[in-house]
Participant: 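My structure is below; once you've seen it, I'll send some questions.
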Amino acid sequence: MSQTIREATTDDAGKLAALAAVTFPLACPPSSSPEDIAAHLARTLSEANFAEYLADPDITILAIDAGGELRGYSLLVDRPAQDPDVADALTLLPSAELSKCYVHPEHHGLGAAAELMKATLGRAAGSGAAGVWLGVNSQNAKAIRFYEKSGFRKVGTKTFRLGASVEHDFVMERALP
């Protein structure tokens, strides 16, 4: 089935939340409890959260659409970093945050993530950002390899609250053309 990458609309909020429920746990360390993952999904990746993100003029969500089914998404935030550890680490300003970049596991290894990344970086470049940054769990070797292959490099660290636990992330950034 063919797929396109398009900007998500408010009609996609429920589909994005359902996709996040499948993809977010894959990015969590093995030690993460199901309760902490569920709490994070409810607090930040619910249908209501996605409706808010889609209404925010500083946020762009791109979706991989395969015949009406969403198979991946990215969430790009076009505003200065709020976390002081991130702000201190960034060298490319102004910088947009790649807050989320997930592809359904059935589409892993098919080039879908690379296509989504290319489209997302193109969107960030069009906003006038000099760079893009992201946070990735320090134990998520697969994602770190993908981001490095996509031109990101580690520039710092930050913490991330996952339910009741505190996780440690690498801050990675890359320049935009």
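Nothing fancy with the numbering, it's 1 onward along the sequence. Because the structure is a prediction, the values reported are computed rather than measured.
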Participant: For G163 versus A39, what's the shortest heavy-atom pair and its separation?
Facilitator: CA-CB, 4.2 Å
Participant: Given the rule that I, L, V, M, F, W and Y join up when any side-chain heavy atoms are under 4.5 Å apart, are L75 and L16 in one cluster?
Facilitator: yes
Participant: Hydrophobic cluster mates of V166, side-chain heavy atoms under 4.5 angstrom, ILVMFWY only, any path?
Facilitator: none
Participant: Restricting to pairs with a member in residues 24-41, which pass salt bridge (charged side-chain N to carboxylate O under 4.0 Å, His left out), not counting sequence neighbours?
Facilitator: none
Participant: Pairs in or reaching into residues 138-157: which pass ring pair (Phe, Tyr, Trp, His ring centres under 6.0 Å), with residues at least two apart or in two chains?
Facilitator: Y147-F152
Participant: Same cluster or not: L176 versus V155, using hydrophobic residues (I, L, V, M, F, W, Y) connected whenever any side-chain heavy atoms lie under 4.5 Å apart?
Facilitator: no
Participant: Taking the side chain from D12 and the backbone from T9, do they hold a donor-acceptor pair closer than 3.5 Å?
Facilitator: yes
Participant: Over all heavy atoms of both residues, which pair between N137 and P29 is shortest? Give the atoms and the distance, please.
Facilitator: ND2-CG, 3.4 Å
Participant: Return the set of residues passing side chain to side chain contact (heavy atoms under 4.5 Å, CB included) with T4 (not counting sequence neighbours), or none when no residue passes.
Facilitator: D65
Participant: Return the set of residues passing side chain to side chain contact (heavy atoms under 4.5 Å, CB included) with A13 (not counting sequence neighbours), or none when no residue passes.
Facilitator: E47, F50, A51, L54
Participant: Between OG of S32 and CG of L162, what distance do you get to the nearest 0.5 Å?
Facilitator: 5.0 Å
Participant: Would a single hydrophobic cluster contain both I144 and Y102, if residues Ile, Leu, Val, Met, Phe, Trp and Tyr are joined by side-chain heavy-atom contacts under 4.5 Å?
Facilitator: no
Participant: Test of understanding: clusters of I, L, V, M, F, W, Y form through side-chain heavy atoms closer than 4.5 Å, transitively. Do L70 and Y53 belong to the same one?
Facilitator: yes
Participant: Name all residues meeting the side chain to side chain contact (heavy atoms under 4.5 Å, CB included) criterion together with R79; count only those two or more places apart in sequence or in a different chain, and write none if there are none.
Facilitator: D56, D58, I59, V77
Participant: Quick one: closest heavy-atom pair of P94 and G128, and the distance?
Facilitator: CG-O, 3.8 Å
Participant: Not counting sequence neighbours, list each pair that qualifies as a salt bridge (charged side-chain N to carboxylate O under 4.0 Å, His left out) and has a residue in residues 127-153.
Facilitator: R153-E173
Participant: Give the minimum heavy-atom separation between H168 and T159, together with the two atoms involved.
Facilitator: ND1-CG2, 3.9 Å
Participant: Taking the side chain as every heavy atom from C-beta outward, state whether L26 and P105 have any pair of such atoms under 4.5 Å apart.
Facilitator: yes
Participant: Sequence neighbours excluded, which residues qualify as side chain to side chain contact (heavy atoms under 4.5 Å, CB included) partners of E106?
Facilitator: R71, H104
Participant: I'd like to know if L98 and L62 are part of one continuous hydrophobic network [Ile/Leu/Val/Met/Phe/Trp/Tyr, side-chain heavy atoms within less than 4.5 Å].
Facilitator: no
Participant: Table please: side-chain donor-acceptor pairs of residues 111-122 below 3.5 Å, with sequence neighbours left out.
Facilitator:
unit_1 : atom_1 : unit_2 : atom_2 : d
T120   : OG1    : S74    : OG     : 2.7
T120   : OG1    : L116   : O      : 2.7

Participant: Does any part of the side chain of I64, heavy atoms only, come nearer than 4.5 Å to the side chain of V103, both counted from C-beta?
Facilitator: yes
Participant: Report yes or no: does K15 contribute a side-chain atom to a donor-acceptor pair with the main-chain N or O of G68 at less than 3.5 Å?
Facilitator: yes
Participant: Please identify each residue that fulfils salt bridge (charged side-chain N to carboxylate O under 4.0 Å, His left out) with R123, with sequence neighbours left out.
Facilitator: E7
Participant: Is any side-chain heavy atom of V171 closer than 4.5 Å to one of W133?
Facilitator: yes
Participant: Mark yes or no for whether T60, through its side chain, and L76, through its backbone, hold a donor-acceptor pair below 3.5 Å.
Facilitator: no
Participant: If the condition is ring pair (Phe, Tyr, Trp, His ring centres under 6.0 Å), which residues does H40 pass it with, not counting sequence neighbours?
Facilitator: F24, F160
Participant: Looking at CZ of F170 and CD of Q139, how far apart are the two atoms once the value is rounded to the nearest 0.5 Å?
Facilitator: 9.5 Å
Participant: For a 4.5 angstrom cut-off between non-hydrogen side-chain atoms, does V86 reach E97?
Facilitator: no
Participant: Might you point out which heavy atoms bring I37 and P25 nearest each other, and give the distance in Å?
Facilitator: CG2-CG, 3.8 Å
Participant: With sequence neighbours left out, which residue pairs that include part of residues 161-172 fulfil the salt bridge (charged side-chain N to carboxylate O under 4.0 Å, His left out) condition?
Facilitator: K158-D169
Participant: Over all heavy atoms of both residues, which pair between G156 and A89 is shortest? Give the atoms and the distance, please.
Facilitator: CA-CB, 4.1 Å
